[in-house]
Amino acid sequence: MDSSNFRIIYLFTDLLLPLIVGYLLYHHGKISDALISRILRLNVIIIYTVLAFMSCWTLPLSWDLALIPIYGILIVVFPGLIGWAFFIRRYHNPLDRGAFLANAMMSNITTLGGVCAFILYGERGFAYAQIMGIFQTLMLVLAVFPMAQYYYLQHKNHGKPGTIHLNIRGILLSWSQLSILGMAAGLSLNALGFVRPPVLGNVFDGLVHFGAWFGMLPVGALINLHRARRYAPWTLNLFALRFFILPIFMLAVSYPFVRDPILLGSMLIFSATPGAINSVTAAKLYHLNVDYTIAGFLTTSIAFFFIVYPLFFLLLR
């Protein structure tokens, strides 16, 4: 049996289930905010660094890798531009506008996209998610945070622009970016011709499960269904943007140039992944409409789990 047919259960055991468990544990007082923060840090600093190192160690080196930075930037900038040009007029409050654009620009590539690409393509799909995630993080700092601060200042100053201040160095040079060193180390061993010991393949498979649980469980704990329910109907325009417009655009700009079918299929998956928790982070940091970003994350995630990704799985495997 095709291994991807078996791995499809990871969509529920490694992604949907930890969301539900995290929500139930937190709202029954079984886990605290401090524990959630420690889980997130453990996942980002240790587990995902090791996974990035091992997956990049076996990644085939080709010119296609040089295209990933371009697509990693486009996958953030393009939906932001389309959202600003065609959808943002629906929102009159600057705090709502900033929250909408944060949801439009940020998608859950590293965790959700990584596991979904792993289901179809194994370690190579996962590695592509980690590399593309570098540039999504870069655009979070260089584009999403300034945008969020702009709309907050517009609200605060009653429509007048303000001066944007960002600690770019502090954000980029942090422990959360340690996985970049893991990728660099893996690619270096790969380029030097060192063969990864076969036993690490089993270790990798096990760590994928831990990484998915440690990544999604805290997200479930952050969900507030009661407060997000009010904004759910306002997130439907994200469906057209995330599940139709962006995948069509990414396919159009990648199909003529990308020769690796696994990279091509992985990028198509990444382009349709639902809103990321980073959009919630941006909204909290700059006092935007947090409930809207959570609602956008929830509605697009539900559609992705039960409709979008199963269709991708049938079409791409």
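Note that the structure is predicted; figures quoted are calculated from it, not measured. In what follows, every heavy atom counts, from backbone to side chain, and hydrogens, waters and symmetry copies are set aside.
Applying the side chain to side chain donor-acceptor pair (under 3.5 Å) rule to N190 yields no partners; only residues at least two apart in sequence or on another chain are considered. Shown here are the ring pair (Phe, Tyr, Trp, His ring centres under 6.0 Å) partners of Y309, two or more places apart in sequence or in another chain: F304.
Checked against a 6.0 Å centroid threshold, the rings of H27 and Y23 count as neighbours. Remark: aromatic rings of F126 and F204 are close, center separation under 6.0 Å.
In this structure, the side chains of I82 and P79 stay at 4.5 Å or more apart for every pair of heavy atoms. Side chains of V290 and V280 form a contact here, defined as non-hydrogen atoms less than 4.5 Å apart. Within the 4.5 Å cutoff, the side chain of L16 has heavy atoms near those of the F306 side chain. Looking at heavy atoms from C-beta onward, L264 lies out of side-chain contact with L268 at the 4.5 angstrom threshold. Counting heavy atoms from C-beta on, the side chains of M106 and L140 come closer than 4.5 Å. Between L207 and V50 the shortest side-chain heavy-atom distance falls below 4.5 Å. Side chains of S266 and Y121 form a contact here, defined as non-hydrogen atoms less than 4.5 Å apart. Here the side chains of V21 and L217 are in contact, with some heavy-atom distance below 4.5 Å.
Judged by distance alone, with hydrogens and angles left aside, the side-chain atoms of H28 form a donor-acceptor pair with the main-chain N or O of L24 at under 3.5 Å. Between the side chain of Y71 and the main chain of V253, a donor-acceptor pair closer than 3.5 Å is present. W57 places a side-chain N or O within 3.5 Å of a backbone atom of F194 that can act as its donor or acceptor partner. The backbone N or O of S107 sits less than 3.5 Å from a side-chain atom of Q136, completing a donor-acceptor pair. With R89 contributing its side chain and A85 its backbone, the two residues share a donor-acceptor pair below 3.5 Å. In this structure a side-chain-to-backbone donor-acceptor pair under 3.5 Å is missing from D96 to Y91.
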Quick one, I223 with L298, criterion side chain to side chain contact (heavy atoms under 4.5 Å, CB included). Give me CA distance, side-chain angles, the key distance, then yes/no. CA-CA 8 Å; I223 294 172; L298 277 175; 3.5 Å; yes

Let me see the working for H287 and K156 under side chain to side chain contact (heavy atoms under 4.5 Å, CB included), right down to the final yes or no. CA-CA 10 Å; H287 311 289; K156 182 180 178 181; over 6 Å; no

Side chain to side chain contact (heavy atoms under 4.5 Å, CB included) between F78 and I245: does it pass, once the steps are laid out? CA-CA 10 Å; F78 179 77; I245 298 174; 3.9 Å; yes

Test log, rule side chain to side chain contact (heavy atoms under 4.5 Å, CB included), inputs L316 and I269: CA-CA 9 Å; L316 296 177; I269 293 171; 3.9 Å; yes

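In this structure, F239 and F243 have perpendicular ring planes: the angle between them is above 60°, well past the 30° mark. Using cut-offs of 30° and 60° on the angle between ring planes, the pair Y292 and Y231 is perpendicular.
No path of Ile, Leu, Val, Met, Phe, Trp and Tyr side chains, each step under 4.5 Å between heavy atoms, connects V195 with V199, placing them in separate hydrophobic clusters. Residues I248 and M250 do not share a hydrophobic cluster, clusters being chains of Ile/Leu/Val/Met/Phe/Trp/Tyr side chains in contact below 4.5 Å. By the rule that hydrophobic residues join a cluster once side-chain heavy atoms approach within less than 4.5 Å of another member, L67 and W63 end up as members of separate clusters. Taking hydrophobic clusters as Ile, Leu, Val, Met, Phe, Trp and Tyr residues chained together by side-chain heavy-atom distances below 4.5 Å, Y128 shares a cluster with F257. Taking hydrophobic clusters as Ile, Leu, Val, Met, Phe, Trp and Tyr residues chained together by side-chain heavy-atom distances below 4.5 Å, M183 shares a cluster with L192.
If you check the side chains of T299 and T235, you find a donor sitting under 3.5 Å from an acceptor. When only modelled atom types and interatomic distance are considered, D33 and Y26 share a side-chain donor-acceptor pair under 3.5 Å. With hydrogens and angles left out, the side-chain atoms of N103 and S279 include a donor and acceptor closer than 3.5 Å.
Between I39 and F214, the shortest heavy-atom distance links the atoms CG2-O, 3.4 Å. Between G125 and I262, the closest heavy-atom pair is N-CG2, 4.3 Å. Closest non-hydrogen pair, I36 versus P218, comes out as CG2-CB, 3.6 Å. Across all non-hydrogen atoms, the minimal contact from L263 to V258 is CD2-CG1, 3.8 Å. When every heavy atom of A212 is checked against every heavy atom of P18, the shortest pair comes out as O-CG, 4.4 Å. Considering all non-hydrogen atoms of both residues, A104 and L241 come closest at CB-CD2, 3.5 Å.
Evaluated for a side-chain contact (heavy atoms from CB on, under 4.5 Å) with F270, the options T110, I75, L112, L246 yield exactly one hit, I75.
The stretch residues 275-298 participates, sequence neighbours left out, in these salt bridge (Lys or Arg N to Asp or Glu O under 4.0 Å) pairs: R227-D291. Counting only residues at least two apart or in different chains, salt bridge (Lys or Arg N to Asp or Glu O under 4.0 Å) contacts with residues 232-257 are absent. Within the structure, salt bridge (Lys or Arg N to Asp or Glu O under 4.0 Å) pairs that include any residue of residues 103-128 comprise E123-R196, R124-D260 (at least two apart or interchain). Under the salt bridge (Lys or Arg N to Asp or Glu O under 4.0 Å) criterion, no residue pair touches residues 125-151, with sequence neighbours excluded.
To the nearest 0.5 Å, atoms CZ (F249) and OG (S254) are separated by 9.5 Å. Rounding to the nearest 0.5 Å gives a distance of 10.0 Å between OG1 of T58 and CG of L200. In this structure, CG on L59 lies 5.0 Å from CD1 on I131, to the nearest 0.5 angstrom. Atom CZ of F210 and atom CG of L42 lie 10.0 Å apart (nearest 0.5 Å). Note that CE of M216 is 10.5 Å distant from CD1 of I20, once rounded to the nearest 0.5 Å. A distance of 8.5 Å separates CZ in F305 from CZ in F12, rounded to the nearest 0.5 Å.
For R90, the CZ atom is densely surrounded, since the number of other residues' heavy atoms within 6.0 Å is greater than 12.
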